[in-house]
Amino acid sequence: MCYTTETFEADTATIRQIDTDTIALDEKTLEAERRSYHSFFDVHVVRTEDGYILIEEGDYGELPMHLIDDIVYTATGKMDDE
């Protein structure tokens, strides 16, 4: 692929506009999906003040309401004990 100066500058400007928060969410979403293949429980991506964390339901039992309110993505646990 050959870039001209104008297209390169336009692409660079677009890349600079990508929100780092969106990238962090995408990374945690992919991590939750990978973990869900090895878990019986749902894996949740939870937004915190510092970014995003993963919480597995089996780790905490019933989730407190303040965590439930901050869930932005849930990957269903894919292991089955049948």
Side-chain angles (χ1 to χ4, degrees):
M1 178 181 239
C2 182
Y3 279 114
T4 63
T5 304
E6 293 82 20
T7 57
F8 180 76
E9 289 175 357
D11 288 346
T12 305
T14 302
I15 290 170
R16 287 185 188 135
Q17 293 174 356
I18 294 174
D19 188 9
T20 57
D21 188 54
T22 303
I23 294 171
L25 177 59
D26 286 345
E27 289 174 355
K28 284 298 181 183
T29 300
L30 290 173
E31 188 178 345
E33 283 295 331
R34 284 191 300 267
R35 270 178 78 173
S36 71
Y37 282 99
H38 306 284
S39 177
F40 294 103
F41 304 101
D42 293 344
V43 181
H44 304 287
V45 178
V46 178
R47 183 183 190 106
T48 65
E49 294 173 358
D50 300 326
Y52 297 96
I53 60 170
L54 293 181
I55 293 182
E56 216 171 300
E57 280 186 13
D59 293 341
Y60 297 96
E62 187 175 336
L63 294 175
M65 191 54 82
H66 73 276
L67 287 179
I68 292 173
D69 292 339
D70 293 334
I71 292 175
V72 292
Y73 181 80
T74 299
T76 305
K78 294 174 179 64
M79 286 189 70
D80 192 9
D81 50 336
E82 289 183 2

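Closest of all the heavy-atom pairs between Ala32 and Ala75 is O-CB, 3.7 Å.
With salt bridges taken as basic N to acidic carboxylate O contacts below 4.0 Å, one links Glu31 and Lys28.
Both Ile53 and Ile68 are assigned to one and the same hydrophobic cluster, defined by single-linkage of ILVMFWY side chains at heavy-atom distances under 4.5 Å. Under the 4.5 Å side-chain heavy-atom criterion for grouping Ile, Leu, Val, Met, Phe, Trp and Tyr, Leu67 is connected to Met65 within one hydrophobic cluster. In the hydrophobic cluster analysis, where Ile, Leu, Val, Met, Phe, Trp and Tyr join through side-chain heavy atoms closer than 4.5 angstrom, Val72 is grouped together with Val43. Residues Leu30 and Ile23 fall into different hydrophobic clusters, defined by Ile, Leu, Val, Met, Phe, Trp and Tyr side chains chained together at heavy-atom separations under 4.5 Å.
Here CG of Leu63 is found 11.0 Å from CG of Asp69. Values are rounded to the nearest 0.5 Å. Here the CG atom belonging to Asp26 is positioned 10.5 Å from the OH atom belonging to Tyr73, to the nearest 0.5 angstrom. Going from atom OG1 of Thr22 over to atom CD of Glu27 covers 11.0 Å, rounded to the nearest 0.5 Å. Thr76 contributes atom OG1, which lies 14.5 Å from atom CZ of Phe40 (distance to the nearest 0.5 angstrom). Note that the OG1 atom of Thr74 and the CD atom of Glu57 stand 7.5 Å from one another [nearest 0.5 Å]. A distance of 4.0 Å separates OG1 of Thr29 from CG of Leu25, quoted to the nearest 0.5 Å.
Side chain of Ser36 to backbone of Glu33: a donor-acceptor contact under 3.5 angstrom is found.
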